[in-house]
Amino acid sequence: MKSILFVDDEPMVLQGLQRMLRPHRAIWDMSFAASGAEALAMLEGNALEGKAFDAVVTDMRMPGMDGASLLEQVRDRYPAAIRIVLSGYFEKEAAMRALPVAHQFLAKPCDPGKLRDAIDRAVGFMGLLPDVALRRVVGAIGKLPTLPRTSALLVQALQDPDVQTDEIAAIVEQDVGITAKMLQLVNSAFFSLPNYVTSVRMAVNYLGLDTLKQLVLSVELFRTLQPSQAVAGFSLEHLQEHSQLAARIAAGLPAPEPVVAAGVVAAALHDTGKLVLAARLPHEFQLALQASRAQKLPLHVIERTQMGTTHAEIGAYLLGLWGLPDSVVDAVCRHHCPVAAEGDQGLDVLAITHVADGLATEVDGNDAEDAPAAGLLDIAYLARLGLDARLPVWRTMARQVLEDLRGE
Ligand SMILES: [Fe+2]
Ligand SMILES: [Fe+2]
(Lines give C-alpha, C1' and ligand atoms only; values in the text may rest on other atoms or scores of the structure.)
(Ligands and ions follow the chains in the order given, each with its own letter.)
Protein backbone atom coordinates (compact mmCIF):
# COMPACT_ATOMS: atom_id res chain seq x y z
CA MET A 1 0.00 0.00 0.00
CA LYS A 2 1.45 3.37 -1.07
CA SER A 3 0.84 6.47 1.00
CA ILE A 4 0.22 9.69 -0.90
CA LEU A 5 -0.07 13.23 0.43
CA PHE A 6 -2.16 15.74 -1.55
CA VAL A 7 -1.71 19.48 -0.91
CA ASP A 8 -4.02 22.26 -2.14
CA ASP A 9 -5.18 25.52 -0.55
CA GLU A 10 -8.60 25.40 -2.19
CA PRO A 11 -11.00 23.29 -0.11
CA MET A 12 -13.11 22.60 -3.20
CA VAL A 13 -10.15 21.10 -5.03
CA LEU A 14 -9.16 18.93 -2.06
CA GLN A 15 -12.73 17.70 -1.65
CA GLY A 16 -12.88 17.01 -5.37
CA LEU A 17 -9.68 14.97 -5.22
CA GLN A 18 -10.93 13.11 -2.19
CA ARG A 19 -14.17 12.21 -3.96
CA MET A 20 -12.51 11.37 -7.23
CA LEU A 21 -9.88 9.13 -5.67
CA ARG A 22 -12.15 7.33 -3.21
CA PRO A 23 -12.13 4.17 -5.36
CA HIS A 24 -8.35 3.97 -4.81
CA ARG A 25 -8.65 3.66 -1.05
CA ALA A 26 -7.80 -0.02 -1.33
CA ILE A 27 -4.41 0.64 -2.94
CA TRP A 28 -3.49 4.07 -1.61
CA ASP A 29 -3.37 5.45 1.87
CA MET A 30 -4.31 9.09 1.14
CA SER A 31 -3.81 12.20 3.26
CA PHE A 32 -4.86 15.76 2.45
CA ALA A 33 -3.30 19.05 3.55
CA ALA A 34 -4.67 22.57 3.00
CA SER A 35 -1.30 24.36 3.02
CA GLY A 36 2.42 23.83 2.71
CA ALA A 37 2.86 24.27 6.45
CA GLU A 38 0.19 21.68 7.21
CA ALA A 39 1.81 19.30 4.72
CA LEU A 40 5.20 19.67 6.39
CA ALA A 41 3.63 19.05 9.79
CA MET A 42 2.03 15.86 8.48
CA LEU A 43 5.30 14.71 6.92
CA GLU A 44 7.06 15.32 10.21
CA GLY A 45 4.36 13.58 12.24
CA ASN A 46 4.60 10.59 9.94
CA ALA A 47 8.38 10.48 10.22
CA LEU A 48 8.13 10.55 14.03
CA GLU A 49 5.99 7.43 13.85
CA GLY A 50 8.60 5.81 11.60
CA LYS A 51 6.37 6.06 8.55
CA ALA A 52 6.98 7.86 5.27
CA PHE A 53 4.91 9.22 2.41
CA ASP A 54 5.77 7.62 -0.94
CA ALA A 55 4.63 10.66 -2.91
CA VAL A 56 3.66 14.30 -2.38
CA VAL A 57 1.28 15.80 -4.95
CA THR A 58 0.98 19.56 -4.59
CA ASP A 59 -0.72 22.60 -6.06
CA MET A 60 1.66 25.35 -7.21
CA ARG A 61 0.07 28.66 -6.19
CA MET A 62 -0.72 28.73 -2.50
CA PRO A 63 -0.57 31.60 0.00
CA GLY A 64 2.41 31.45 2.34
CA MET A 65 4.50 28.54 1.17
CA ASP A 66 3.97 27.76 -2.53
CA GLY A 67 4.34 24.37 -4.18
CA ALA A 68 7.94 24.93 -5.24
CA SER A 69 9.10 25.90 -1.73
CA LEU A 70 7.22 22.96 -0.25
CA LEU A 71 8.81 20.48 -2.66
CA GLU A 72 12.22 21.97 -2.02
CA GLN A 73 11.80 21.21 1.67
CA VAL A 74 10.47 17.75 0.86
CA ARG A 75 13.50 17.10 -1.35
CA ASP A 76 15.89 18.13 1.42
CA ARG A 77 14.15 16.43 4.33
CA TYR A 78 12.38 13.45 2.76
CA PRO A 79 14.32 12.76 -0.45
CA ALA A 80 12.78 9.31 -0.96
CA ALA A 81 9.31 10.77 -1.55
CA ILE A 82 8.26 11.27 -5.16
CA ARG A 83 7.45 14.92 -5.87
CA ILE A 84 4.60 15.78 -8.22
CA VAL A 85 3.16 19.18 -9.15
CA LEU A 86 -0.54 19.29 -9.96
CA SER A 87 -1.38 22.71 -11.25
CA GLY A 88 -3.64 24.69 -13.55
CA TYR A 89 -2.86 24.97 -17.23
CA PHE A 90 -2.41 28.74 -16.97
CA GLU A 91 0.09 28.45 -14.13
CA LYS A 92 2.82 27.29 -16.51
CA GLU A 93 5.03 30.21 -15.48
CA ALA A 94 4.68 29.41 -11.81
CA ALA A 95 5.26 25.72 -12.42
CA MET A 96 8.61 26.60 -13.97
CA ARG A 97 9.87 27.44 -10.52
CA ALA A 98 9.25 23.87 -9.47
CA LEU A 99 11.25 22.46 -12.36
CA PRO A 100 14.40 21.73 -10.39
CA VAL A 101 12.51 20.04 -7.55
CA ALA A 102 9.58 18.21 -9.16
CA HIS A 103 9.71 14.76 -10.70
CA GLN A 104 6.50 15.17 -12.64
CA PHE A 105 3.97 17.77 -13.69
CA LEU A 106 0.26 17.12 -14.07
CA ALA A 107 -2.33 19.57 -15.32
CA LYS A 108 -5.51 20.47 -13.41
CA PRO A 109 -8.22 19.45 -13.95
CA CYS A 110 -6.90 15.95 -14.31
CA ASP A 111 -9.10 12.96 -14.98
CA PRO A 112 -8.91 10.31 -12.25
CA GLY A 113 -7.52 7.63 -14.56
CA LYS A 114 -4.65 9.79 -15.73
CA LEU A 115 -3.81 10.91 -12.23
CA ARG A 116 -3.86 7.36 -10.90
CA ASP A 117 -1.69 6.09 -13.77
CA ALA A 118 0.88 8.84 -13.36
CA ILE A 119 1.18 8.31 -9.60
CA ASP A 120 1.12 4.53 -9.90
CA ARG A 121 3.85 4.58 -12.50
CA ALA A 122 6.00 6.95 -10.48
CA VAL A 123 5.74 4.98 -7.25
CA GLY A 124 6.08 1.75 -9.25
CA PHE A 125 9.61 2.70 -10.24
CA MET A 126 10.61 2.48 -6.60
CA GLY A 127 10.72 -1.27 -7.12
CA LEU A 128 13.57 -0.92 -9.62
CA LEU A 129 16.10 -0.05 -6.97
CA PRO A 130 16.46 -2.57 -4.18
CA ASP A 131 18.38 -0.41 -1.81
CA VAL A 132 16.66 2.29 0.23
CA ALA A 133 19.86 4.31 0.61
CA LEU A 134 20.37 4.46 -3.14
CA ARG A 135 16.76 5.40 -3.62
CA ARG A 136 17.32 8.34 -1.32
CA VAL A 137 20.31 9.42 -3.38
CA VAL A 138 18.32 9.32 -6.59
CA GLY A 139 15.39 11.00 -4.88
CA ALA A 140 17.62 13.92 -4.00
CA ILE A 141 18.32 14.61 -7.64
CA GLY A 142 16.30 17.25 -9.42
CA LYS A 143 18.29 17.11 -12.63
CA LEU A 144 21.20 15.38 -14.29
CA PRO A 145 24.63 16.87 -14.25
CA THR A 146 25.17 18.68 -17.54
CA LEU A 147 28.15 20.06 -19.40
CA PRO A 148 28.56 23.70 -18.44
CA ARG A 149 29.98 24.45 -21.89
CA THR A 150 26.74 23.50 -23.65
CA SER A 151 24.58 25.46 -21.31
CA ALA A 152 26.79 28.50 -21.69
CA LEU A 153 26.49 28.22 -25.47
CA LEU A 154 22.73 28.06 -25.17
CA VAL A 155 22.39 31.08 -22.93
CA GLN A 156 24.64 32.98 -25.30
CA ALA A 157 22.69 31.95 -28.40
CA LEU A 158 19.42 32.94 -26.75
CA GLN A 159 20.69 36.48 -26.35
CA ASP A 160 20.49 36.86 -30.12
CA PRO A 161 16.92 38.02 -30.91
CA ASP A 162 17.09 36.46 -34.40
CA VAL A 163 18.27 33.06 -33.25
CA GLN A 164 16.90 30.12 -35.30
CA THR A 165 15.19 27.04 -33.86
CA ASP A 166 17.66 24.77 -35.62
CA GLU A 167 20.57 26.52 -33.97
CA ILE A 168 19.03 26.07 -30.51
CA ALA A 169 18.10 22.45 -31.17
CA ALA A 170 21.66 21.67 -32.27
CA ILE A 171 23.04 23.04 -29.01
CA VAL A 172 20.43 21.36 -26.81
CA GLU A 173 20.93 17.99 -28.51
CA GLN A 174 24.51 17.87 -27.29
CA ASP A 175 23.44 18.01 -23.68
CA VAL A 176 21.91 14.88 -22.19
CA GLY A 177 20.65 16.64 -19.06
CA ILE A 178 18.85 19.50 -20.74
CA THR A 179 17.51 17.21 -23.50
CA ALA A 180 15.97 14.88 -20.94
CA LYS A 181 14.49 17.72 -18.88
CA MET A 182 13.10 19.36 -22.00
CA LEU A 183 11.44 16.18 -23.26
CA GLN A 184 10.04 15.64 -19.78
CA LEU A 185 8.50 19.09 -19.83
CA VAL A 186 7.13 19.09 -23.34
CA ASN A 187 5.61 15.65 -22.82
CA SER A 188 4.08 16.59 -19.49
CA ALA A 189 0.37 17.17 -19.23
CA PHE A 190 0.79 20.92 -19.69
CA PHE A 191 1.00 20.59 -23.40
CA SER A 192 -1.50 17.71 -23.69
CA LEU A 193 -0.11 16.76 -27.09
CA PRO A 194 -1.67 13.84 -28.92
CA ASN A 195 1.74 12.30 -29.66
CA TYR A 196 4.89 11.79 -27.70
CA VAL A 197 7.52 14.38 -28.66
CA THR A 198 10.85 12.70 -29.18
CA SER A 199 12.81 15.25 -31.16
CA VAL A 200 14.54 18.25 -29.65
CA ARG A 201 13.60 20.40 -32.63
CA MET A 202 9.90 19.74 -32.08
CA ALA A 203 10.30 20.32 -28.36
CA VAL A 204 11.95 23.71 -28.89
CA ASN A 205 9.08 24.69 -31.15
CA TYR A 206 6.44 23.67 -28.62
CA LEU A 207 8.14 25.24 -25.64
CA GLY A 208 9.07 28.52 -27.27
CA LEU A 209 12.25 30.40 -26.53
CA ASP A 210 10.99 32.13 -23.40
CA THR A 211 10.11 28.88 -21.72
CA LEU A 212 13.35 27.36 -22.88
CA LYS A 213 15.27 30.24 -21.36
CA GLN A 214 13.59 29.63 -18.01
CA LEU A 215 14.28 25.96 -18.30
CA VAL A 216 17.97 26.55 -18.89
CA LEU A 217 18.09 29.10 -16.12
CA SER A 218 16.61 26.71 -13.61
CA VAL A 219 19.04 24.03 -14.69
CA GLU A 220 21.86 26.54 -14.26
CA LEU A 221 20.68 27.54 -10.82
CA PHE A 222 20.58 23.98 -9.71
CA ARG A 223 23.97 23.32 -11.17
CA THR A 224 25.55 25.62 -8.65
CA LEU A 225 24.53 23.06 -6.04
CA GLN A 226 26.49 20.35 -7.84
CA PRO A 227 29.55 18.93 -6.14
CA SER A 228 32.33 19.49 -8.65
CA GLN A 229 34.45 16.55 -7.68
CA ALA A 230 36.50 14.77 -10.34
CA VAL A 231 36.04 11.01 -10.61
CA ALA A 232 39.18 9.19 -11.72
CA GLY A 233 38.55 7.07 -14.80
CA PHE A 234 35.39 8.92 -15.76
CA SER A 235 35.02 11.72 -18.30
CA LEU A 236 31.79 13.64 -18.82
CA GLU A 237 32.97 14.67 -22.27
CA HIS A 238 33.57 11.07 -23.30
CA LEU A 239 30.21 9.97 -22.01
CA GLN A 240 28.59 12.81 -23.91
CA GLU A 241 30.35 11.72 -27.12
CA HIS A 242 29.48 8.08 -26.55
CA SER A 243 25.80 8.94 -25.99
CA GLN A 244 25.69 11.10 -29.08
CA LEU A 245 27.34 8.42 -31.20
CA ALA A 246 24.92 5.78 -29.92
CA ALA A 247 21.96 8.06 -30.70
CA ARG A 248 23.20 8.65 -34.25
CA ILE A 249 23.72 4.93 -34.81
CA ALA A 250 20.22 4.27 -33.48
CA ALA A 251 18.86 6.78 -35.99
CA GLY A 252 20.45 4.76 -38.81
CA LEU A 253 18.89 1.42 -37.88
CA PRO A 254 16.01 0.11 -40.00
CA ALA A 255 12.76 0.12 -38.00
CA PRO A 256 9.41 1.93 -38.24
CA GLU A 257 9.73 5.65 -37.53
CA PRO A 258 8.17 5.83 -34.04
CA VAL A 259 10.30 2.89 -32.91
CA VAL A 260 13.48 4.53 -34.20
CA ALA A 261 12.46 7.85 -32.60
CA ALA A 262 12.08 6.23 -29.17
CA GLY A 263 15.27 4.24 -29.82
CA VAL A 264 17.21 7.44 -30.46
CA VAL A 265 16.05 8.92 -27.15
CA ALA A 266 16.86 5.69 -25.28
CA ALA A 267 20.29 5.46 -26.94
CA ALA A 268 21.06 9.09 -26.05
CA LEU A 269 20.05 8.51 -22.43
CA HIS A 270 21.15 4.88 -21.91
CA ASP A 271 24.07 5.72 -19.62
CA THR A 272 22.23 8.42 -17.62
CA GLY A 273 22.95 6.38 -14.49
CA LYS A 274 26.66 7.03 -14.89
CA LEU A 275 26.01 10.76 -14.63
CA VAL A 276 23.99 10.16 -11.48
CA LEU A 277 26.73 8.04 -9.95
CA ALA A 278 29.50 10.49 -10.89
CA ALA A 279 27.57 13.37 -9.35
CA ARG A 280 26.06 11.74 -6.29
CA LEU A 281 28.18 8.71 -5.39
CA PRO A 282 31.59 9.70 -6.79
CA HIS A 283 33.56 7.57 -4.34
CA GLU A 284 31.60 4.36 -4.92
CA PHE A 285 31.60 4.99 -8.67
CA GLN A 286 35.36 5.46 -8.74
CA LEU A 287 35.87 2.19 -6.87
CA ALA A 288 33.63 0.39 -9.34
CA LEU A 289 35.51 1.86 -12.31
CA GLN A 290 38.85 0.79 -10.84
CA ALA A 291 37.63 -2.74 -10.15
CA SER A 292 36.18 -3.00 -13.64
CA ARG A 293 39.59 -2.13 -15.11
CA ALA A 294 41.59 -4.34 -12.78
CA GLN A 295 39.36 -7.39 -13.15
CA LYS A 296 38.62 -6.79 -16.84
CA LEU A 297 34.90 -7.15 -16.16
CA PRO A 298 32.10 -4.96 -17.52
CA LEU A 299 31.26 -2.05 -15.26
CA HIS A 300 27.66 -3.14 -14.75
CA VAL A 301 28.80 -6.52 -13.44
CA ILE A 302 31.07 -4.84 -10.88
CA GLU A 303 28.35 -2.34 -9.93
CA ARG A 304 25.96 -5.20 -9.26
CA THR A 305 28.38 -6.87 -6.84
CA GLN A 306 29.59 -3.69 -5.16
CA MET A 307 26.38 -1.65 -5.02
CA GLY A 308 23.58 -4.13 -5.54
CA THR A 309 22.37 -2.20 -8.57
CA THR A 310 23.74 -0.85 -11.86
CA HIS A 311 23.98 2.45 -13.72
CA ALA A 312 21.38 1.03 -16.12
CA GLU A 313 18.81 0.61 -13.34
CA ILE A 314 19.64 3.92 -11.69
CA GLY A 315 19.25 5.74 -14.99
CA ALA A 316 15.98 3.97 -15.77
CA TYR A 317 14.69 4.77 -12.31
CA LEU A 318 15.34 8.47 -12.73
CA LEU A 319 13.92 8.64 -16.26
CA GLY A 320 10.88 6.73 -15.06
CA LEU A 321 10.34 9.25 -12.27
CA TRP A 322 10.53 11.96 -14.88
CA GLY A 323 7.72 10.36 -16.83
CA LEU A 324 9.61 9.26 -19.92
CA PRO A 325 7.75 6.58 -21.88
CA ASP A 326 7.89 2.96 -20.71
CA SER A 327 9.64 1.76 -23.87
CA VAL A 328 12.53 4.18 -23.25
CA VAL A 329 12.77 3.42 -19.53
CA ASP A 330 12.72 -0.32 -20.19
CA ALA A 331 15.40 -0.07 -22.88
CA VAL A 332 17.66 1.99 -20.60
CA CYS A 333 17.11 -0.46 -17.75
CA ARG A 334 18.11 -3.51 -19.78
CA HIS A 335 20.60 -2.11 -22.27
CA HIS A 336 23.35 -4.47 -21.07
CA CYS A 337 21.22 -7.52 -20.47
CA PRO A 338 18.42 -7.50 -23.04
CA VAL A 339 15.79 -10.21 -22.96
CA ALA A 340 13.67 -11.23 -25.94
CA ALA A 341 10.08 -12.16 -25.18
CA GLU A 342 8.53 -15.22 -26.80
CA GLY A 343 7.84 -14.48 -30.46
CA ASP A 344 9.74 -11.14 -30.58
CA GLN A 345 11.27 -10.49 -33.99
CA GLY A 346 13.21 -7.59 -35.45
CA LEU A 347 14.26 -4.28 -33.97
CA ASP A 348 12.28 -2.88 -31.06
CA VAL A 349 13.34 -0.01 -28.82
CA LEU A 350 15.39 -2.27 -26.54
CA ALA A 351 17.16 -3.99 -29.45
CA ILE A 352 17.97 -0.62 -31.04
CA THR A 353 19.44 0.65 -27.76
CA HIS A 354 21.46 -2.50 -27.18
CA VAL A 355 22.85 -2.53 -30.72
CA ALA A 356 23.57 1.22 -30.73
CA ASP A 357 25.45 1.05 -27.41
CA GLY A 358 27.36 -2.08 -28.41
CA LEU A 359 28.40 -0.75 -31.80
CA ALA A 360 29.28 2.69 -30.44
CA THR A 361 31.58 1.03 -27.90
CA GLU A 362 33.06 -1.25 -30.56
CA VAL A 363 33.86 1.33 -33.22
CA ASP A 364 34.98 4.07 -30.87
CA GLY A 365 35.86 2.66 -27.48
CA ASN A 366 34.97 6.04 -26.04
CA ASP A 367 32.68 4.35 -23.55
CA ALA A 368 35.98 3.75 -21.78
CA GLU A 369 34.18 2.63 -18.64
CA ASP A 370 32.69 -0.37 -20.42
CA ALA A 371 35.62 -1.01 -22.72
CA PRO A 372 37.25 -3.92 -20.86
CA ALA A 373 34.47 -6.12 -22.16
CA ALA A 374 35.12 -5.71 -25.87
CA GLY A 375 32.03 -7.21 -27.41
CA LEU A 376 29.17 -5.84 -25.35
CA LEU A 377 26.73 -7.19 -27.91
CA ASP A 378 24.66 -10.17 -26.85
CA ILE A 379 24.84 -12.25 -30.01
CA ALA A 380 22.49 -14.97 -28.75
CA TYR A 381 19.84 -12.34 -28.04
CA LEU A 382 20.27 -10.81 -31.50
CA ALA A 383 20.09 -14.25 -33.10
CA ARG A 384 16.79 -14.91 -31.34
CA LEU A 385 15.42 -11.73 -32.91
CA GLY A 386 16.79 -12.80 -36.30
CA LEU A 387 19.16 -9.82 -36.40
CA ASP A 388 22.64 -11.33 -36.06
CA ALA A 389 23.24 -11.63 -39.81
CA ARG A 390 22.76 -7.90 -40.24
CA LEU A 391 25.47 -6.88 -37.79
CA PRO A 392 28.27 -6.52 -40.41
CA VAL A 393 26.19 -4.00 -42.38
CA TRP A 394 25.32 -2.06 -39.21
CA ARG A 395 28.94 -2.10 -38.12
CA THR A 396 29.92 -0.43 -41.37
CA MET A 397 27.16 2.12 -40.87
CA ALA A 398 28.38 2.78 -37.31
CA ARG A 399 31.93 3.44 -38.55
CA GLN A 400 30.57 5.88 -41.11
CA VAL A 401 28.50 7.66 -38.45
CA LEU A 402 31.61 8.03 -36.28
CA GLU A 403 33.59 9.42 -39.19
CA ASP A 404 30.82 11.91 -39.97
CA LEU A 405 30.64 12.98 -36.32
CA ARG A 406 34.39 13.54 -36.17
CA GLY A 407 34.22 15.53 -39.38
CA GLU A 408 31.66 17.96 -37.95
FE1 LIG B 1 25.92 1.24 -19.97
FE1 LIG C 1 27.12 2.80 -23.02
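The shown structure was predicted, so the numbers you read here are calculated from the model rather than taken from an experiment. First listed ligand is number 1; within each ligand, the first listed atom is number 1.
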TODO: Check His242 and report its N/O/S atom nearest to the Fe ion (ligand 2), by atom name.
DONE: NE2

Open item on the list: Measuring from atom CE of Met20 to atom CZ of Arg116, what distance do you get when rounded to the nearest 0.5 angstrom?
Closed with: 10.5 Å

Open item on the list: Only to 10 degrees, please: what angle do the NE2 atom of His336 and the NE2 atom of His335 make about the Fe ion (ligand 1)?
Closed with: 70°

- [ ] Any chance you could measure Leu281, atom CG, to His283, atom NE2, to the nearest 0.5 Å?
- [x] 10.5 Å

- [ ] Looking at Asp271, pick out the N, O or S atom nearest to the Fe ion (ligand 1) and give its name.
- [x] OD1

Task: Aromatic centroids of Tyr78 and Phe53 separated by under 6.0 Å - done: no

Task: Side-chain touch Asp54/Ile82, heavy atoms, less than 4.5 angstrom - done: no

- [ ] Would you check if the Fe ion (ligand 1) lies under 2.8 Å from any N, O or S atom of Asp357?
- [x] no

Task: Nearest to the Fe ion (ligand 1) - the N/O/S atom of His311, by atom name - done: NE2

Open item on the list: So that I know where these two stand, are His335 and His311 an aromatic pair - ring centroids less than 6.0 Å apart?
Closed with: yes

